[in-house]
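Here's the structure we're looking at; comments come further down.
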Number of protein chains: 2
Amino acid sequence: MKYQKIPEATIRRLSRYSRCLEEMEQGGEKVVSSAQLASKCMVNPAQVRKDLAYFGEFGIRGVGYYVKDLLASIKKVLGLNKEWRMAVIGIGNLGSALLSYKDFLKQNYKIVAAFDIDPQKVIGRVSEKLGKPVEILHISRIKEVAKERKIEIALITTPPSEAQSVANLLVEAGIRGILNFAPTQITVPEGFVVKDVFFTNILDNLAYLLSSS
Amino acid sequence: MKYQKIPEATIRRLSRYSRCLEEMEQGGEKVVSSAQLASKCMVNPAQVRKDLAYFGEFGIRGVGYYVKDLLASIKKVLGLNKEWRMAVIGIGNLGSALLSYKDFLKQNYKIVAAFDIDPQKVIGRVSEKLGKPVEILHISRIKEVAKERKIEIALITTPPSEAQSVANLLVEAGIRGILNFAPTQITVPEGFVVKDVFFTNILDNLAYLLSSS
DNA sequence: AAAATTTTGTGAAAGGAGTCACATAATTGA
DNA sequence: TCAATTATGTGACTCCTTTCACAAAATTTT
Ligand SMILES: NC(=O)c1ccc[n+]([C@@H]2O[C@H](COP(=O)([O-])OP(=O)(O)OC[C@H]3O[C@@H](n4cnc5c(N)ncnc54)[C@H](O)[C@@H]3O)[C@@H](O)[C@H]2O)c1
Ligand SMILES: NC(=O)c1ccc[n+]([C@@H]2O[C@H](COP(=O)([O-])OP(=O)(O)OC[C@H]3O[C@@H](n4cnc5c(N)ncnc54)[C@H](O)[C@@H]3O)[C@@H](O)[C@H]2O)c1
């Protein structure tokens with residue numbers, strides 16, 4: 001297949017396929033057709049095939065796809081064939097929940113540091129719920145610790161008013177990926193990537209659908 | 001303007017505009033042009049105008065839009081000119097965080113009930129952090145309480161294995177909107193709406209962008 | 001009061017994304 | 001071995017979304 005720009009939407013669907021394939025692998029299924037995968041992920045079968053075709057030929061005509069191989073291929077495409085080392089910034093309600101979110105580990109995401117600005121939270125507090133507790137460090141140590149622990153992604157869970165200044169620190173510390181939970185637009189230089197998780201936007205979407213039907 | 005189907009993407013952008021306009025209103029700005037709003041929301045100015053045009057003529061040529069009026073108009077379009085009554089199902093790490101998320105209130109979303117299946121959590125536990133604490137009820141009471149408290153939206157924060165059966169209960173209880181945080185596909189009958197909040201999918205997207213650049 | 005300026009609202013054009021339909025390839029069964 | 005069956009990979013088509021470009025309307029300047 002000749003080169004084409006890969007749609008954002010394709011990447012989003014690939015992670016959906018990945019989750020479905022994991023469930024199928026757990027369930028002991030060896031082979032899956034584009035039609036089965038599509039129905040499970042609620043998309044069109046041709047869409048599944050087209051999405052995969054951007055990255056290679058993973059199937060066997062007349063048969064389908066080997067679940068295990070396809071899963072491995074998709075993970076490789078998504079960059080999930082390595083462990084991603086993450087930090088959480090702002091250990092309040094949401095930050096604490098993320099610290100004890102064990103599914104991250106299953107997905108090759110590992111939280112290796114936690115930061116806050118409040119000395120009360122820093123002194124001696126650790127997340128008890130994980131197997132290996134994470135100590136909460138003062139935000140001023142971010143640059144030093146980022147290098148030391150090879151942090152590549154940071155999750156921002158501070159109040160929105162602090163999000164941009166935290167992002168600036170992260171950029172300075174050379175952390176290239178940011179997942180932003182604070183409901184405000186933050187900007188970073190070329191070469192850095194921000195993705196937002198804005199619950200209330202999705203809630204708004206839901207409210208709209210409910211009120212217009 | 002003649003009738004057209006409204007793109008999903010337009011609705012998503014409207015909530016972004018809404019957030020930006022709120023910040024502007026706080027900041028005392030009275031008037032805003034499509035160019036200013038666009039730059040703040042990182043979209044094309046023509047996009048802003050076209051999005052708004054689906055719903056009416058809100059601007060004044062040569063001037064721009066009155067911040068306050070535009071905000072009110074957008075909120076009306078989104079169905080945010082009323083209070084939405086919500087329940088949280090599954091009061092673990094994430095559910096607790098959502099219970100104490102005070103921004104919901106600012107946005108006309110009100111959590112009026114919390115449910116869990118674990119008797120330990122049900123007996124006597126309340127969320128202390130909100131002004132008015134929410135008592136945690138046993139999930140078996142959902143149908144009764146949904147009617148009583150006029151619950152319209154439920155946030156599912158149970159383990160993924162329970163998500164579908166919880167969704168079934170919600171449908172039975174006549175709760176039409178579901179915001180699903182459990183990383184699994186759930187299905188509901190016609191007339192009900194599910195929106196998913198899958199962090200790890202967004203993280204995957206981030207990982208892809210980092211590893212392919 | 002007329003010209004210059006600003007900024008909206010929108011038809012038309014361009015660009016992307018999703019679906020269809022079928023040639024192609026593998027497997028199964030006779 | 002060959003026909004029938006199954007299911008992929010992909011060019012062509014359709015549909016949707018975004019951007020462009022400009023007339024229309026309000027304001028400001030001269
Ligand atoms: N609680 C939720 O369920 C929820 C849901 C969606 C979005 N959010 C967003 O996530 C963010 C956090 O929400 P929360 O409810 O956990 O708030 P929170 O107030 O409980 O936590 C914020 C934490 O950030 C720390 N902090 C403040 N400034 C900091 C800085 N400069 N550096 C490092 N740490 C700093 C504070 O000490 C605090 O511990 C907010 O932006 C909120 O809007 C929260
Ligand atoms: N913790 C996070 O930061 C995070 C992030 C993203 C997604 N999630 C997802 O959100 C969900 C909750 O995560 P968590 O970390 O809070 O888990 P958790 O185990 O702490 O909480 C789950 C809660 O659901 C309750 N529950 C179980 N079955 C129930 C039922 N049938 N009815 C009512 N309540 C029931 C449990 O008693 C428990 O209190 C999971 O699906 C998880 O994958 C969590």
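Every heavy atom of this structure was used, including side-chain atoms; hydrogens, water molecules and symmetry mates were not. All chains are named by letter (A, B, ...) in the order of the sequence lines, taking the proteins before the strands, and each is independently numbered beginning at 1.
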For residues 88-99 of chain A, the salt bridge (Lys or Arg N to Asp or Glu O under 4.0 Å) pairs (sequence neighbours left out) are none

If only side-chain N and O atoms of A:Tyr65 are considered, is one of them under 4.0 Å from the OP1 or OP2 phosphate oxygen of D:dG9?
yes

What integer distance in Å separates A:Asp69:CG from D:dT8:P?
15 Å

List for me each residue that meets salt bridge (charged side-chain N to carboxylate O under 4.0 Å, His left out) alongside B:Glu25, sequence neighbours excluded, and say none if there are none.
none

Nearest 0.5 Å, what's the NZ-OH distance between A:Lys5 and A:Tyr54?
9.0 Å

List in chain and number order the residues that pass salt bridge (charged side-chain N to carboxylate O under 4.0 Å, His left out) with A:Glu148, two or more places apart in sequence or in another chain; answer none if no residue qualifies.
none

Is there any salt bridge (Lys or Arg N to Asp or Glu O under 4.0 Å) pair reaching into residues 177-204 of chain A, and which pairs are they, with sequence neighbours excluded?
A:Glu8-A:Lys195, A:Asp204-B:Arg19

Suppose the criterion is side-chain hydrogen bond (donor to acceptor under 3.5 Å, both in side chains): which pairs have a residue in residues 58-78 of chain A, not counting sequence neighbours?
A:Glu22-A:Lys75

Could you pull out the protein-nucleic contacts involving nucleotides 25-30 of chain D (nitrogen or oxygen on both sides, under 3.5 Å)?
residue	atom	partner	partner atom	Å
D:dA26	O4'	B:Arg61	O	3.2

Considering residues at least two apart in sequence or located in another chain, which fulfil the side-chain contact (heavy atoms from CB on, under 4.5 Å) criterion with A:Thr187?
A:Gln164, B:Met42

Value in whole Å for how far the P atom of D:dT8 lies from CG of A:Leu70:
11 Å

For B:Arg13, the salt bridge (charged side-chain N to carboxylate O under 4.0 Å, His left out) test, sequence neighbours excluded, returns B:Asp51

Which value, rounded to the nearest 0.5 Å, describes the distance between A:Leu203 atom CG and B:Met86 atom CE?
5.0 Å

In whole Å, I'd like the distance from the CG atom of B:Leu52 to the P atom of C:dT7.
16 Å

Check salt bridge (charged side-chain N to carboxylate O under 4.0 Å, His left out) between B:Arg16 and all other residues, then give those that pass, not counting sequence neighbours.
none

Using heavy atoms and a sub-4.0 Å distance, could you list which residues of residues 25-37 of chain B are near DNA chain C? By number, please.
B:Ser33, B:Ser34

Under 4.0 Å protein heavy-atom contacts per nucleotide of nucleotides 12-21 of chain C, with B for base, S for backbone only and - for none
B----SSBBB

For B:Ser165, all residues meeting side-chain contact (heavy atoms from CB on, under 4.5 Å), sequence neighbours excluded:
B:Glu162

Could you state the CZ-C1' distance from B:Phe55 to C:dT10, rounded to the nearest angstrom?
16 Å

